[in-house]
> 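Pasting a structure below so you can have a look.
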Amino acid sequence: MTDVIERNVRTRLSRVIDPELGKSITDLGMITGIEAVPRDVIDSGRSVVDVTIKVELTVEGCPLTQTIIDKINEAVTSYPAATLVPHIDVASMSREKLTGLVNDLKAQRKENPFTKAGSKTRIFAIASGKGGVGKSSVTANLAATFAALGYDTAAIDADIYGFSLPTLFGTHSQPTNLNGMLMPVTAWGVKLISIGMFAGADRAILWRGPRLQRSLEQFLSDVWWGEPDVLLLDLAPGTGDMAISVAQALPNAELVVVTTPQPSASDVAVRAGLVALQVPMQVRGVIENMSYYEHHGEKLRIFGEGGGARVSEQLTEALGHDVPLLGSLPLEPEVRIDGEAGRPVVLNPDGTLADTPLAAQFRDIAQQLMA
C-alpha cells in the first residue's frame with residue numbers, strides 16, 4: 001500500500017507548478033523523496049498514513065516558500081483513498097544542482113523568448129509624446145486588468161529614468177537571482193521587472209544608446225518570464241533611444257499611444273505614434289487620459305477635449321491603417337490615491353476587478369487590444 005501511495009502522491013505533486021518558473025516541481029527536481037508510513041488507526045473507515053515529503057527549493061529564503069508548501073499540502077491532503085498527514089522537510093538545492101537547473105532553463109530559451117517562432121505573447125508598448133499624461137498609471141491599471149481577467153500578464157518598466165511601476169504595484173521586493181537568471185517580482189497577479197527594484201536605483205541614471213538598449217535586452221533575456229499571454233512595456237516619454245530599442249528587440253510589439261485632451265499633448269502624441277514610420281512597429285490604438293472630471297453629474301473638460309480623437313485621426317491618415325481611439329478615461333483622484341498606496345485602482349483589495357465604471361473602461365480597452 002505504501003508504494004502505491006508514494007507513486008500516487010508523486011503524480012499529484014507533478015501537477016503543482018512553481019509560481020516563478022511556471023514548471024512542475026517534480027520536473028524541476030524539487031521533490032527529492034516521498035515516504036509513506038501507515039498509522040495503526042482508522043479515520044472514518046479510512047487508513048491514516050504519515051507522508052514525509054523532502055523538498056529542495058531553488059534558493060534559501062525563497063519568497064514563495066509558503067505558497068509552494070501550501071500547494072503541496074493541498075495536493076497531499078486531498079488524496080481520495082486514505083487520510084494522508086503531510087510532513088514537509090524543506091531544504092535548498094546544492095549549488096551544483098541549481099547551476100544544472102539554471103543551465104537547462106537557459107538552454108530552453110537561449111535568447112529573447114518573445115521573438116521566437118510560435119510565441120503566443122501579445123506585446124503592447126505604452127508610449128506618450130510627453131510626460132505627465134498618466135502613461136505609467138494607464139500601464140499599471142491595464143496590466144492589472146489583464147491579470148484580473150485571467151491572462152498570464154507581465155510588465156517591464158522600460159522608463160529607465162522615471163521608473164514608477166514598483167510604487168504603483170506596491171512592491172519593494174527585489175527579483176530572486178538564480179545564478180544569474182532573475183525571477184520577476186509578482187504583484188497583484190502581474191510579473192514585474194524594473195530598474196527601480198535594484199540597489200542604487202535611487203541615484204540618477206544617465207544611460208544612452210547601447211547601454212540603454214542593453215538594459216532592455218537584459219530585461220527580456222536574463223529574466224525568466226515563462227510564456228505570458230500579455231507583456232506590457234511602460235516606455236519613457238518621447239521618441240528617443242528606448243522606443244527605438246523596443247522596436248529592434250521586439251519587432252512584434254504593438255504601440256499604444258497615451259495622450260491628454262489638450263493640443264499641446266495630442267500634437268506631441270502624434271509624433272510618438274509616427275515613430276512607427278521609422279521602425280517595424282504597428283500602432284494599435286490611442287488612449288485619452290484625464291478626459292474629464294465628473295462633478296455632481298457634470299463632466300468638466302478641464303484639459304479641453306478632442307485630443308484622443310485628433311491623434312487617432314491623424315495617425316490613421318499618416319499610417320494608412322485604422323488607429324482607433326480605444327477609450328477616454330476620466331480624471332479621478334482615486335487613481336493617484338490608490339496608486340500611491342500600491343494598489344491599481346481597477347482592483348478590489350482581494351485582487352479581483354472592481355465593479356466601477358473606470359474598471360469597466362479598462363476591461364473594454366483590454367478586450368479591444370486582445371481582439
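All values below were derived from every heavy atom in this structure, side-chain atoms included, with hydrogens, water molecules and symmetry-related copies excluded.
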> Does a sphere of radius 6.0 Å around CD in Gln368 hold more than 12 heavy atoms from other residues, nucleotides or ligands, not counting ones at 6.0 Å or beyond?
yes
> State yes or no: do Leu358 and Ile302 share one hydrophobic cluster built from I, L, V, M, F, W and Y residues joined by side-chain heavy-atom distances below 4.5 Å, directly or via other members?
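No; Ile302 is not reachable from Leu358 via cluster members.
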> Could you check whether atom NE2 of His87 has more than 12 heavy atoms from other residues, nucleotides or ligands sitting under 6.0 Å from it?
yes
> Between Arg343 (side chain) and Gly351 (backbone), is there a donor-acceptor pair under 3.5 Å?
no
> List in chain and number order the residues that pass side-chain contact (heavy atoms from CB on, under 4.5 Å) with Thr145, two or more places apart in sequence or in another chain; answer none if no residue qualifies.
Leu149, Val346, Leu353, Phe362, Arg363, Ala366
> Considering residues at least two apart in sequence or located in another chain, which fulfil the side-chain contact (heavy atoms from CB on, under 4.5 Å) criterion with Glu294?
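For Glu294, the residues satisfying side-chain contact (heavy atoms from CB on, under 4.5 Å) (neighbours in sequence not counted) are Tyr292, Lys299.
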> Going by heavy atoms in the side chains, are Thr121 and Trp225 under 4.5 Å from each other?
no
> Evaluate the criterion side-chain contact (heavy atoms from CB on, under 4.5 Å) for residue pair His321 and Val323; output intermediate values, then yes/no.
CA-CA 6 Å; His321 66 80; Val323 180; 3.6 Å; yes
> Are the side chain of Asp234 and the backbone of Thr139 linked by a donor-acceptor contact shorter than 3.5 Å?
no
> List for me each residue that meets side-chain contact (heavy atoms from CB on, under 4.5 Å) alongside Ser92, sequence neighbours excluded, and say none if there are none.
Glu60
> Test side-chain contact (heavy atoms from CB on, under 4.5 Å) on Thr26 and Leu13 and set out the steps.
CA-CA 7 Å; Thr26 55; Leu13 294 179; 4.1 Å; yes
> Side chains of Ile72 and Ile69, heavy atoms from C-beta outward: is any pair under 4.5 Å?
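In short, these two side chains do not touch, never coming nearer than 4.5 Å.
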> Can you measure from CG (Leu331) to CZ (Phe303) and round to the nearest 0.5 angstrom?
6.0 Å
> Starting at OG of Ser194, measure out to CG of Leu168 and round the result to the nearest 0.5 Å.
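Atom-to-atom, Ser194:OG and Leu168:CG are 10.0 Å apart.
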> Would you find more than 12 non-hydrogen atoms of other residues, nucleotides or ligands less than 6.0 Å from Gln66 atom CD?
yes
> Considering only heavy atoms from C-beta outward, does the side chain of Phe146 approach that of Leu232 to under 4.5 Å?
yes
> Hey, is the main chain of Leu84 close enough, under 3.5 Å, to the side chain of Arg46 for a donor-acceptor pair?
no
> Linking I/L/V/M/F/W/Y whenever their side-chain heavy atoms sit closer than 4.5 Å, directly or via other members, would Val4 and Val48 fall into one cluster?
no
> Between Thr77 and Asn73, is there a side-chain donor-acceptor contact under 3.5 Å, judged purely by atom types and distance?
no
> Going by side chain to side chain donor-acceptor pair (under 3.5 Å), name the residues that satisfy it together with Ser164, two or more places apart in sequence or in a different chain.
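Only Ser136 meet the side chain to side chain donor-acceptor pair (under 3.5 Å) criterion with Ser164.
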> Kindly indicate whether the side chain of Leu192, heavy atoms from C-beta on, has any atom under 4.5 Å from the side chain of Pro166.
no
> Which atoms form the tightest heavy-atom contact between Thr259 and Gly308, and what is the distance?
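That would be CG2-CA, 3.9 Å.
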> Can you confirm whether Glu334 is buried at CD, in the sense that more than 12 heavy atoms of other residues, nucleotides or ligands lie under 6.0 Å from that atom?
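Yes.
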> What's the shortest heavy-atom distance between Asp18 and Met30, and which atoms?
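Answer, listing the atom of Asp18 first, then Met30: OD2-CE, 3.2 Å.
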> Is there a donor-acceptor pair under 3.5 Å between the side chain of Glu56 and the backbone N or O of Gly29?
no
> Are the side chain of Asp364 and the backbone N or O of Ala360 linked by a donor-acceptor pair below 3.5 Å?
no
> Could you check if a side-chain atom of Val9 sits within less than 4.5 angstrom of a side-chain atom of Val76, using non-hydrogen atoms only?
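Side chain of Val9 against side chain of Val76, heavy atoms only: contact under 4.5 Å found.
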> Main chain of Gly342, side chain of Trp188: is a donor-acceptor contact present, judged purely on distance under 3.5 Å?
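A pair under 3.5 Å: yes.
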> State which residues pass side chain to side chain donor-acceptor pair (under 3.5 Å) with Arg122; sequence neighbours excluded, sorted by chain then number.
Glu254
> For Met197 and Phe163, run side-chain contact (heavy atoms from CB on, under 4.5 Å): C-alpha distance rounded to whole Å, both residues' side-chain angles, the deciding distance at 0.1 Å, then the answer.
CA-CA 10 Å; Met197 296 174 175; Phe163 48 83; over 6 Å; no
> Report yes if the side chains of Pro86 and Val51 come closer than 4.5 Å at any heavy-atom pair, otherwise no.
no
> State, with a plain yes or no, whether a side-chain heavy atom of Leu64 is found less than 4.5 Å away from one of Leu57.
no
> Are the side chain of Glu288 and the backbone N or O of Gly307 linked by a donor-acceptor pair below 3.5 Å?
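Yes, the answer is positive, given that a donor and an acceptor are paired below the 3.5 Å cut-off.
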> If you group Ile, Leu, Val, Met, Phe, Trp and Tyr by side-chain heavy-atom gaps below 4.5 Å, do Leu300 and Val335 land in one group?
no
> Is there side-chain contact between Phe219 and Leu233, with heavy atoms separated by less than 4.5 Å?
no
> side-chain contact (heavy atoms from CB on, under 4.5 Å) between Val185 and Phe169: does it pass, once the steps are laid out?
CA-CA 10 Å; Val185 173; Phe169 278 92; over 6 Å; no
> Thr153 side chain to Tyr151 main-chain N or O, any donor-acceptor pair under 3.5 Å?
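Between the backbone of Tyr151 and the side chain of Thr153 there is a qualifying donor-acceptor contact (under 3.5 Å).
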> Using 0.5 Å steps for rounding, measure from the CD atom of Glu35 to the NZ atom of Lys54.
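Here the rounded value is 7.5 Å.
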> Looking only at heavy atoms, what is the nearest atom pair of Arg39 and Val85, with distance?
NH2-CG1, 3.9 Å
> Within this structure, what is the OG1-CD1 distance for the pair Thr2 and Ile34, rounded to the nearest 0.5 Å?
12.0 Å
> Linking I/L/V/M/F/W/Y whenever their side-chain heavy atoms sit closer than 4.5 Å, directly or via other members, would Ile126 and Leu319 fall into one cluster?
yes
> Which atom pair, heavy atoms only, marks the closest approach of Leu235 to Ala158?
CD2-CB, 4.0 Å
> Out of Val190, Ile123, Asp152, which residue meets the side chain to side chain contact (heavy atoms under 4.5 Å, CB included) rule with Pro228?
Asp152
> Do Val258 and Met290 share a hydrophobic cluster (ILVMFWY, side-chain heavy atoms under 4.5 Å, transitive)?
no
> Listed by chain and number, what are the side chain to side chain donor-acceptor pair (under 3.5 Å) partners of Ser78, not counting sequence neighbours?
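With neighbours one apart ignored, the set is Arg12.
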> Nearest heavy-atom pair of Val223 and Pro184: which atoms, and what distance?
CG1-CD, 3.6 Å
> So, taking the atom named CZ in Arg301 and the one named CD in Gln262, what distance separates them when rounded to the nearest 0.5 Å?
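Result: 13.5 Å between the selected atoms.
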> Would you name the heavy atoms of Ala354 and Val345 that are closest together and state the gap between them?
CB-O, 4.5 Å
> Does Thr352 offer a backbone N or O that forms a donor-acceptor pair with the side chain of Asp350 under 3.5 Å?
yes
> Just verifying a value: how many Å separate Leu142 CG and Leu329 CG, rounded to the nearest 0.5 Å?
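Spacing of CG (Leu142) from CG (Leu329) equals 9.5 Å.
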> Would a distance-only check, ignoring hydrogens and angles, find a side-chain to backbone donor-acceptor pair under 3.5 Å from Glu6 to Ala36?
yes
